[in-house]
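These numbers come from a predicted model, not from an experiment. The analysis underlying the following values was restricted to heavy atoms, covering all of them including side chains, and did not include hydrogens, waters or symmetry mates.
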Amino acid sequence: MARTLRKVPYFLHTLFLFTKSDIKTTVIPVSSLAAASAPLASPLRLPHVIFWVWFHVLQFDMSNQAMDPDEDAKNKSDRPIPAGRMSLSQTRLLRWLIVPACWRLSALYSGETVWASVALAALTLIYNELAAHRQHWIIRNVVNALGFASFEVGATLVAGVDPTRMDGIALCSVLASVGIFATTIHTQDFKDVDGDRSIGRRTIPIVFGEAARWTVIVPLCMWSLGLSVFWGLDVITAAAFTALAVYIGILYLRAQSVHEYQKAFYWYNLWLSCAHILPGYCRLYSTPYYMRA
């Protein structure tokens, strides 16, 4: 019994390592959107939101990391499979066992939350096992965006007072987020060009080369201006939000190394989290555009 208990921290740490790289890219941005747009029913609901998102990220990451363990062995050797913390067969088994566990967790909140979890499981299957991640960048971006939408709908339902519905602000925040991810998710691909090219993946940085840098600054600035108007930001907040987008765009234009692209991607995730909390600003200080028109 004591020996088994000693293995629990090791096992939990292994699960965390599967998701470590997606804490900043998914758990924080999605949780912040849910808390701001639901709005949050109570501060005590926030741990529910974070755990729901993290548990579903674990489902996706175990599926994803079981696809190309050789690539991870070269580029991300600290992940559980190449590090020898969990075998490939164990990962694949646990990946499928987690799916019904995610549905059961979602059922604690509402049937609508279960459907968000089901959609996420289906999109995970399409993206990983059915190899959408190896397809044309348009297919990859669309599946990515729909996956994030599933995350956000489920998390927003968990966060809200009524877990069976989303109001207009919440719906608009998810739709805006889908657009953001569909047009900017490739910011994560610049730092992985060598690994992606080695397995034949056709990402925007590989397809468009140097010109791909401009596919970051242009949509970021357009989204910043559009969201500033839609959510009714004051001039100072809108200027700061747009200036951050310009700064990130310049980082991508000037980046020459993996480290510089990693730095730019960290800043992108900061901008993304800011974009995701704008619905909360709107609820407190302004009125969304569709109610002003």
Side-chain angles (χ1 to χ4, degrees), residues 21-22 24-26 28-30 33 60 64 68 71 75 123 126-128 131-152 172-231 238-276 278:
S21 63
D22 283 327
K24 68 180 184 297
T25 63
T26 305
I28 293 175
V30 172
L33 178 139
F60 176 86
N64 182 260
D68 298 301
E71 179 191 357
N75 302 319
L123 288 162
I126 292 169
Y127 188 83
N128 292 321
H133 66 288
R134 293 180 180 270
Q135 303 303 314
H136 192 278
W137 62 266
I138 293 178
I139 296 174
R140 188 165 177 259
N141 281 19
V142 168
V143 175
N144 255 314
L146 292 175
F148 274 103
S150 301
F151 269 116
E152 290 163 352
C172 287
S173 67
V174 171
L175 290 174
S177 183
V178 170
I180 290 171
F181 280 118
T183 54
T184 67
I185 192 65
H186 59 281
T187 52
Q188 68 183 348
D189 295 328
F190 285 85
K191 58 184 173 53
D192 297 325
V193 165
D194 291 339
D196 288 340
R197 186 179 284 116
S198 69
I199 62 172
R201 192 175 287 162
R202 302 277 290 169
T203 62
I204 285 180
I206 292 173
V207 173
F208 293 103
E210 289 293 317
R213 300 168 183 265
W214 291 96
T215 66
V216 176
I217 191 169
V218 172
L220 282 186
C221 289
M222 291 179 68
W223 277 112
S224 296
L225 293 171
L227 292 174
S228 295
V229 172
F230 187 84
W231 295 122
F241 183 51
T242 304
L244 178 59
V246 173
Y247 173 68
I248 294 164
I250 292 173
L251 287 179
Y252 274 94
L253 287 173
R254 292 182 174 179
Q256 297 294 329
S257 65
V258 171
H259 175 72
E260 289 174 325
Y261 282 126
Q262 287 175 332
K263 175 184 175 182
F265 187 53
Y266 274 110
W267 280 98
Y268 165 81
N269 282 290
L270 174 61
W271 177 90
L272 183 62
S273 292
C274 290
H276 279 171
L278 294 183

Please report the C-alpha distance between L227 and I180 in whole Å, then the side-chain angles of each, then the deciding distance to 0.1 Å, and finally whether the side chain to side chain contact (heavy atoms under 4.5 Å, CB included) criterion is met. CA-CA 10 Å; L227 292 174; I180 290 171; 3.8 Å; yes

W137 vs F208, test: side chain to side chain contact (heavy atoms under 4.5 Å, CB included). Steps then yes/no. CA-CA 11 Å; W137 62 266; F208 293 103; 3.7 Å; yes

As a quick check of understanding, evaluate side chain to side chain contact (heavy atoms under 4.5 Å, CB included) for F181 and L146, giving each step before the final call. CA-CA 9 Å; F181 280 118; L146 292 175; over 6 Å; no

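For Y247, the OH atom is densely surrounded, since the number of other residues' heavy atoms within 6.0 Å is greater than 12.
With rounding to the nearest 0.5 Å, the separation of CD1 in I206 from CG in D194 is 8.5 Å. In this structure, CD on E260 lies 13.5 Å from CZ on F190, to the nearest 0.5 angstrom. Interatomic distance, K24 NZ to L270 CG, rounded to the nearest 0.5 Å: 13.0 Å. The CD1 atom of I139 lies 12.5 Å from the CZ atom of R202; values are rounded to the nearest 0.5 Å. The structure places OG1 of T242 at 12.5 Å from CE of M222, a figure rounded to the nearest 0.5 Å. With rounding to the nearest 0.5 Å, the separation of CG in L272 from CD1 in I185 is 8.0 Å.
Across all their heavy atoms, H276 and P29 have their closest contact at ND1-O, 2.9 Å. Between C274 and F241 the shortest heavy-atom distance is CB-CE1, 4.0 Å. In terms of heavy atoms, A245 sits closest to L220 at CB-O, 3.7 Å. Contact record, W223 with T183: NE1-OG1, 2.8 Å, taken as the closest heavy-atom pair. Shortest non-hydrogen contact noted between T25 and F148 is O-CE2, 4.0 Å. Contact detail for L123 and V143: the closest heavy-atom pair is O-CG1, 4.1 Å.
Using a 4.5 Å cut-off on side-chain heavy atoms (C-beta onward), W267 and L244 make contact. Counting only heavy atoms from C-beta outward, the side chains of I204 and N141 approach each other to under 4.5 Å. In this structure, the side chains of F230 and C172 come closer than 4.5 Å at one or more pairs of heavy atoms.
The salt bridge (charged side-chain N to carboxylate O under 4.0 Å, His left out) pairs that include a residue from residues 133-147 are D68-R134, R140-D189, where partners are two or more places apart or lie in different chains.
Shown here are the ring-ring contact (aromatic ring centres under 6.0 Å, His included) partners of F265, two or more places apart in sequence or in another chain: Y268. With sequence neighbours excluded, the residues forming a side chain to side chain donor-acceptor pair (under 3.5 Å) with E210 are R213, listed by chain and number.
One N or O on the side chain of H186 and one on the backbone of T215 form a donor-acceptor pair closer than 3.5 Å. Between the side chain of S228 and the main chain of S224, a donor-acceptor pair closer than 3.5 Å is present. A distance-only check finds no donor-acceptor pair linking the side chain of Y252 to the backbone of I217 [under 3.5 Å].
Residues F60 and Y127 bring their aromatic ring centres within 6.0 Å.
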